[in-house]
Amino acid sequence: MPSLSFLSTVGGMILFTWDCVLLTLQRKTKWHQVLDQIFQVGVRSLGLTVAAGLFVGAIMALQIDLQLKDFGAEAFLGGLSTSTTLRNIGPVLIAFLLSGKVGAYTSAELGTMEVTDQLNAIRLLGASPLEYIILPRIWAVVISSFLLLIVGLMVTIFGGIIFAEVIGVNSLNYIQNIPRIVTVWSIVLSVIKSFLFGAIIAVVSCYKGYHAKGGSVGVGIAVQSCAVTNLILIIITDFLLSMASSCLQDIFKVGYL
Amino acid sequence: MININKLCKSFDNRKILENISFSVVKGECVFILGKSGVGKSVLLKNIVGLVLPDSGTITVGEIKVDAQRPEELSLIRQRCGLVFQFPALLDSVTVFENICFGLRARGLLTSQVEIAARVKEKLKLVGLSEVVLDQMPTELSFGTQKRVSIARTLAVEPEYLLFDEPTTGMDPIATAGLNQLIKNLTVKLGVTSIVVSHDIKSALAVGTRIILLEDGGIVFDGKPGEFKSSSITLAQEFQMGFGYHA
């Protein structure tokens, strides 16, 4: 049954994450390898993230401006656009992008290592693939994705400012309006989402690649499954965080909008 | 001694190995022959605990292969070096790092000088020059990658060497060189080898014993001379296929 299979995957991922957490607590992370991987998966994704961020910011400014015009409330464009981008659209869209770039790369690389017996060779040579191969990649993807999301979000704001000028909204007014609507809570929520989405991409892509089976077809299936699982988990996590944020707002009266 | 007793293994209700029993004593070079998919590679992976049997036991020396005892499994893997069918080199590190990986992971040598000396010694043993040491595996030909893979396995100096189709993808000259290497390891260094292969020519030239698998079981177990004169159909087919029929 597909639902059982999905639950089994989630259970497997939780145990996999737990193993990685234990190894990290035992100080078995090889940080020089983490740095290598950050370069491989993170630095090389920077250009794409910046380009995507600019366009996401511009799209949000354009769409919200269209709605606000009907009410003659263009003055709120900066705040509303930035708030929506920071709290929801920005992290989700950039996480989707990174799940395609970083997630697919990682799961394909690990999947190939598994089906070509590279991981078995490591086992036979007396090392743990989890410690030597997986753990550095998990941390590299978590750190890279988190930093890329933060950079991406800052660029989306910048993209919004630039496009506001294009559609005739004064950029100074746009910027001045941002703190009226964007609260500290918006930023905190955005950072929390960025970290969690980064962790999801890291765990899912490493887990799927590590458990690939059956030659090149198996690697293809692992990458496909990685992409689908990442999207589903990111959407579900976004929904749960948005719900939690809404409840917190009601209870503590913090972070309106 | 490696002792395999009533080993059974199935995948998805398909029986691959059924009641396989045999022993390999020190200094032997046993060739395991059989058609594709008969379970030769599965048998090797069972010996080093990468695949676990459904029933039956495997012991290496006095140690039983048991996934529940990781420390003992690690000892078995230290004593048994497996050369995979495909090179299985780590793509992200150099040839040098690949060969010394096991030495470092097992902490067998700590001095950089000793490690470098061991790496060069094994590289020479497989007929490669030191030029390849700083190259990445992807820069090498398949045959060279395979030799590096053998050097990596030899670097930890295992008592037992398991080869999974070692000559696949290698040219005749490289094949002859590898056969000579296996023979030298057996005769000069007393290494015990189990070689899974389709290559009857290598089996007859290098092996001290041949085991033939068919339909999950052993249909022949004897010396190369006995194999040549065997009346078993598959044994004859193997020899005819390679023009070696007696």
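Quick note on labels: first sequence line is chain A, next is B, and so on, each numbered from 1.
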[X] versus [Y]: any side-chain heavy-atom pair under 4.5 Å?
X        : Y       : value
A:Asp117 : B:Leu50 : no
A:Gln118 : B:Leu89 : no
A:Leu125 : B:Arg77 : no

Handout entry: Pick from B:Gln85, B:Lys45, B:Arg104, B:Gln78 with the largest number of heavy-atom pairs that fall under 4.5 Å of chain A
Key =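 Top count of heavy-atom pairs under 4.5 Å with chain A: B:Lys45.
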Problem - Between B:Ile76, B:Val156, B:Asp91, the one whose heavy-atom pairs under 4.5 Å with chain A are most numerous - result: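 That would be B:Asp91.
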Practice task
Check the pair A:Thr116, B:Phe84 against side-chain contact (heavy atoms from CB on, under 4.5 Å), reporting the backbone distance first and the verdict last.
Solution key: CA-CA 9 Å; A:Thr116 56; B:Phe84 290 94; over 6 Å; no
Is [X] atom [atom1] crowded by more than 12 heavy atoms from other residues, nucleotides or ligands, each under 6.0 Å away?
X        : atom1 : result
B:Asp134 : CG    : no
B:Gln135 : CD    : yes
A:Phe55  : CZ    : no
A:Phe195 : CZ    : no
A:Phe158 : CZ    : no
B:Glu62  : CD    : no

Practice task
List the atom of A:Ala127, the atom of B:Phe101, and the distance in Å for their closest heavy-atom pair.
Solution key: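 Looks like CB-CE2, 3.7 Å.
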Handout entry: Heavy-atom pair with the smallest gap, counting every atom of A:Ala121 and B:Arg152
Key =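 Looking at all heavy atoms of both residues, the closest pair is CB-NH2, 3.3 Å.
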Handout entry: Partner chain B: residue of A:Thr112, A:Leu119, A:Asn120, A:Ile133 with the largest heavy-atom pair count (under 4.5 Å)
Key =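 Of the candidates given, the most pairs with chain B belong to A:Asn120.
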Practice task
Could you tell me the separation between the OG atom of B:Ser92 and the CD atom of A:Gln40, rounded to the nearest 0.5 Å?
Solution key: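 B:Ser92 atom OG to A:Gln40 atom CD measures 8.5 Å (nearest 0.5 Å).
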